[in-house]
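What follows is one structure encoded as structure tokens, with my remarks underneath.
Below, chain A is the first sequence line, B the second, and so on; all start at residue 1. Nothing here was measured: the structure is a model prediction, and the numbers come from that model. What you see below is based on every heavy atom in this structure, not just the backbone, and it leaves out hydrogens, waters and symmetry mates.
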There are 2 protein chains.
Amino acid sequence: MITSGSMTLAARPTEATSVAHDRVYRDLRSRIMHGDLPPGQALTLRGIGKNYGVSMTPARESVRRLAAEGALTMSTSGRISTPELSNERIEELAALRALIEVELASRALPRAHMALIERMQTINAVIAEAVQRGDAVSYIRTNLEFHRTLYLRAQAPAMLAMAETVWLQMGPTMRALYGRLRRTEPPQFHRLIIAALKAGDEPGLRLAVRSDVTQGLRMLAS
Amino acid sequence: MITSGSMTLAARPTEATSVAHDRVYRDLRSRIMHGDLPPGQALTLRGIGKNYGVSMTPARESVRRLAAEGALTMSTSGRISTPELSNERIEELAALRALIEVELASRALPRAHMALIERMQTINAVIAEAVQRGDAVSYIRTNLEFHRTLYLRAQAPAMLAMAETVWLQMGPTMRALYGRLRRTEPPQFHRLIIAALKAGDEPGLRLAVRSDVTQGLRMLAS
DNA sequence: TGGACCCACTTGTGATCACAACAGCCCCCA
DNA sequence: TGGGGGCTGTTGTGATCACAAGTGGGTCCA
């Protein structure tokens, strides 16, 4: 059983849906995306229901929805668990991140004003703190917030949704990767992204984003 | 009730799941992707259940899963319908198709042997027949089969799944578009795709695929 | 001591029911 | 004749139950 913690995900104004299955879905999704759960973690409908104080029905709908997004896998007998990704799958998802996020960054560039860049610098400082604390969950969450802050400016909701789906699938594995490679410094390419944004340098931005989303992969391969 | 047709989707050995919600899901998904349902078509859980001879529970799970993939939308009060896409959304989805499918085609190119190209030519002939009959559903289905046949060679299941998710979201709208623009000849860019495959011309292939997936859009804009 | 079998329990699936909310429709009155 | 209010039927939500299938462990025999 995982402690729900103070999830304070930035800027989600419309929160109170009050619909049970949606509340369960959102919380589980956030936990999975941010690496709260390790790869291969088993879950049960009755367990989820008891955790959220609901019956099996909303738990089942949440799980079904998350499974459709690739955030959970279901064995042939229906057992639920977080995915354990093969190396090929990880590489493919990283390639997808590169494809989609480079495009999102490129579309966001003309709209990236100074206030946005400053916000990204602030987030980057929070990432540095998380790295120093060795806090994997906080690092992953803040890192994704850095990217999402930029991509929201692209005004491309379908593309952003695709990118988030990839993040969701990689969540548990990202946590495991983080624990393995033991970062000691904040991501270097974030500086390049910010510099390219300030300079209005589109090719440089594309390269920086591509490098950033595939950097962890190179460390894994070694 | 729509005839399942001879989908002969290459290599789907494990078909009979016999699980009710999965059977409903697959049939609904196929119908939506291939344009059997117009945009804005309303659906009800009890109606779906009656159609497939099941209770509301499997119907609800199928709908929830399809909604998660963007194949269905749910109003704030929970009403279910196929999506009605804005022009901006259509353009965005076409851009996503271009991004992902160009990459898939590029990855498939080194593995595209003559047998595959011949199969694609056969499919292309079927497309021509569907166009002459003015059969929108058959045209959409065969056209997607043409693309999927190529992309399966890319050995990139996550990317292919993303591409299919986009197809799914565009399904109902594709049907409406087809009815509006009244094709009289088979897609010209399919020839270019096949020619580029034969020549091993990677830049040419990328351009042909990009042109093919965005051609309908240009007609819409006029 | 090692392995195979068996049983009990856990777990997902599907059906059914009660309920609240919304939609559409009709009627009535100005 | 037009618009507002109320009502009925429809629809999604969540809980509960019966059931089948698979898992895991414990026991018994060789």
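Phe146(B) and His190(B) have parallel rings, their planes meeting at less than 30° on a 0 to 90° scale where 60° marks the start of perpendicular.
Here the CD-CZ distance, from Glu69(B) to Arg65(A), works out to 11.5 Å after rounding to the nearest 0.5 Å.
Counting heavy atoms from C-beta on, the side chains of Arg60(B) and Arg60(A) never come closer than 4.5 Å.
Summarising the geometry, the separation between CD1 on Ile48(A) and C1' on dT11(C) is reported as 12 Å, rounded to the nearest angstrom. Rounded to whole Å, atom C1' of dG12(C) lies 15 Å from atom CD of Glu61(A).
Along DNA chain D, the stretch of nucleotides lying under 4.0 Å from any heavy atom of chain B spans, 5' to 3', dT11(D) to dG14(D).
Under 3.5 Å, the side chains of Tyr25(A) and Glu61(A) contain no donor-acceptor pair of N or O atoms.
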Discussion item. As a quick check of understanding, evaluate side chain to side chain contact (heavy atoms under 4.5 Å, CB included) for Val126(A) and Glu145(A), giving each step before the final call.
Written reply: CA-CA 10 Å; Val126(A) 179; Glu145(A) 193 181 343; over 6 Å; no
Worksheet item: Should Val213(B) and His147(B) be marked as a side chain to side chain contact (heavy atoms under 4.5 Å, CB included) after you check the CA-CA gap, both sets of side-chain angles, and the distance that decides it?
Response: CA-CA 10 Å; Val213(B) 303; His147(B) 286 268; 4.1 Å; yes
Worksheet item: Is there a side chain to side chain contact (heavy atoms under 4.5 Å, CB included) between Leu104(B) and Leu150(B) once you walk through the steps?
Response: CA-CA 8 Å; Leu104(B) 279 167; Leu150(B) 175 60; over 6 Å; no
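Residue contacts for Thr44(A): at a heavy-atom cut-off of 4.0 Å it reaches the sugar-phosphate backbone alone, with no base atom in range.
Between Asp135(B) and Arg141(B) there is no salt bridge, since no side-chain nitrogen of the basic residue lies less than 4.0 Å from a carboxylate oxygen of the acidic one.
Toward the 5′ end of DNA chain D lies the nearest nucleotide of His21(A), the other residue of the pair Arg46(A) and His21(A) mapping further downstream.
Using a 4.0 Å cut-off on heavy atoms, the residues of residues 62-81 of chain A that approach DNA chain C are Arg64(A), Gly78(A), Arg79(A), Ile80(A), listed by number.
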